[in-house]
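Just so you know, these numbers come straight off a predicted model, no measurement behind them. Every heavy atom of this structure was used, including side-chain atoms; hydrogens, water molecules and symmetry mates were not.
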Amino acid sequence: QVQLVESGGGLVQAGESLRLSCQASGLTFSSYTMGWFRQAPGKEREFVARISWTGGSTYYADSVKGRFTISRDNAKRTVYLEMNSLKPEDTAVYYCAASTRWVASRVDYDYWGQGTQVTVSS
């Protein structure tokens, strides 16, 4: 059974940093593009960042570019999202997801975690 389990969410103040982790099991981790998405209250789930199979390519949403960094450790079957200079508008449930394609749209992702809450106070 495929499982993606996020961790690392919490409550922080604006300007602070947080690191999210997502550990995968039940799939060939190195064969999947891994992505991070987020969903704020009352809003649609949106793309945040993605990273290629071996970590050689990354892509970010404009809203987080320069502040967030995605990385992966295939040996640990884990993808990370380092979030710096957090803003209140970053408040959302953050989800990791896996896809066989190099894409940003949520419809192209095959597996999803349950999410971890990130709350940024002003």
hydrophobic_cluster_shared for L81 and F37, side chain cutoff 4.5 Å: no
Shortest non-hydrogen separation from A14 to S122 and the atoms involved: CB-CA, 4.3 Å
Rounded distance (nearest 0.5 Å) linking atom CG of L20 with atom CZ of F68: 8.0 Å
Salt-bridge criterion met for K65 and D62 (N-O under 4.0 Å): yes
Heavy-atom closest contact (S17 atom, N84 atom, distance): OG-OD1, 2.9 Å
Residue pair I51 / S71: nearest heavy atoms and the distance that separates them: CD1-CA, 3.6 Å
Minimum heavy-atom distance between V79 and C96, given as atom pair plus value: CG1-CB, 4.4 Å
Audit row: Y59, W102, ring pair (Phe, Tyr, Trp, His ring centres under 6.0 Å) steps and yes/no: CA-CA 10 Å; Y59 192 79; W102 179 243; 7.2 Å; no
Inter-residue atom distance W36.CH2 - C22.SG, 0.5 Å rounding: 5.0 Å
Spacing of OH belonging to Y32 relative to OG belonging to S52, to within rounding of 0.5 Å: 15.5 Å
Pairwise side-chain contact, F29 with T78, heavy-atom cut-off 4.5 Å (strictly under): no
Approximate separation, where rounding is to 0.5 Å, of L86 CG and R67 CZ: 6.5 Å
Approximate separation, where rounding is to 0.5 Å, of S105 OG and R50 CZ: 10.5 Å
Working for side-chain contact (heavy atoms from CB on, under 4.5 Å), residues Y94 and E6: CA-CA 8 Å; Y94 283 71; E6 302 96 336; over 6 Å; no
Q39 side chain near Y95 side chain, heavy-atom distance below 4.5 Å: yes
Donor-acceptor pair, side chain of T33 and main chain of R101, under 3.5 angstrom: yes
Residues, nucleotides or ligands: over 12 heavy atoms within 6.0 Å of E82 CD: yes
Minimum side-chain heavy-atom gap V118-M83 below 4.5 Å: yes
Side chains of V103 and Y109 in contact at under 4.5 Å (non-hydrogen atoms): yes
Heavy-atom side-chain proximity of T91 to Q117 below 4.5 angstrom: yes
Single-linkage hydrophobic cluster V120~V48, side-chain heavy atoms < 4.5 angstrom: yes
Value rounded to 0.5 Å, distance of OG in S31 from CG in N74: 9.0 Å
Same cluster (ILVMFWY, side-chain, under 4.5 Å), I70 and V64: yes
Side chain to side chain, S21 and K76, heavy atoms closer than 4.5 Å: no
same_hphob_cluster(F47, Y111) at 4.5 Å side-chain heavy-atom cutoff: no
Side chain to side chain contact (heavy atoms under 4.5 Å, CB included) partner of L4, the single match among Q114, M34, R77: M34
Residues, nucleotides or ligands: over 12 heavy atoms within 6.0 Å of W53 CH2: no
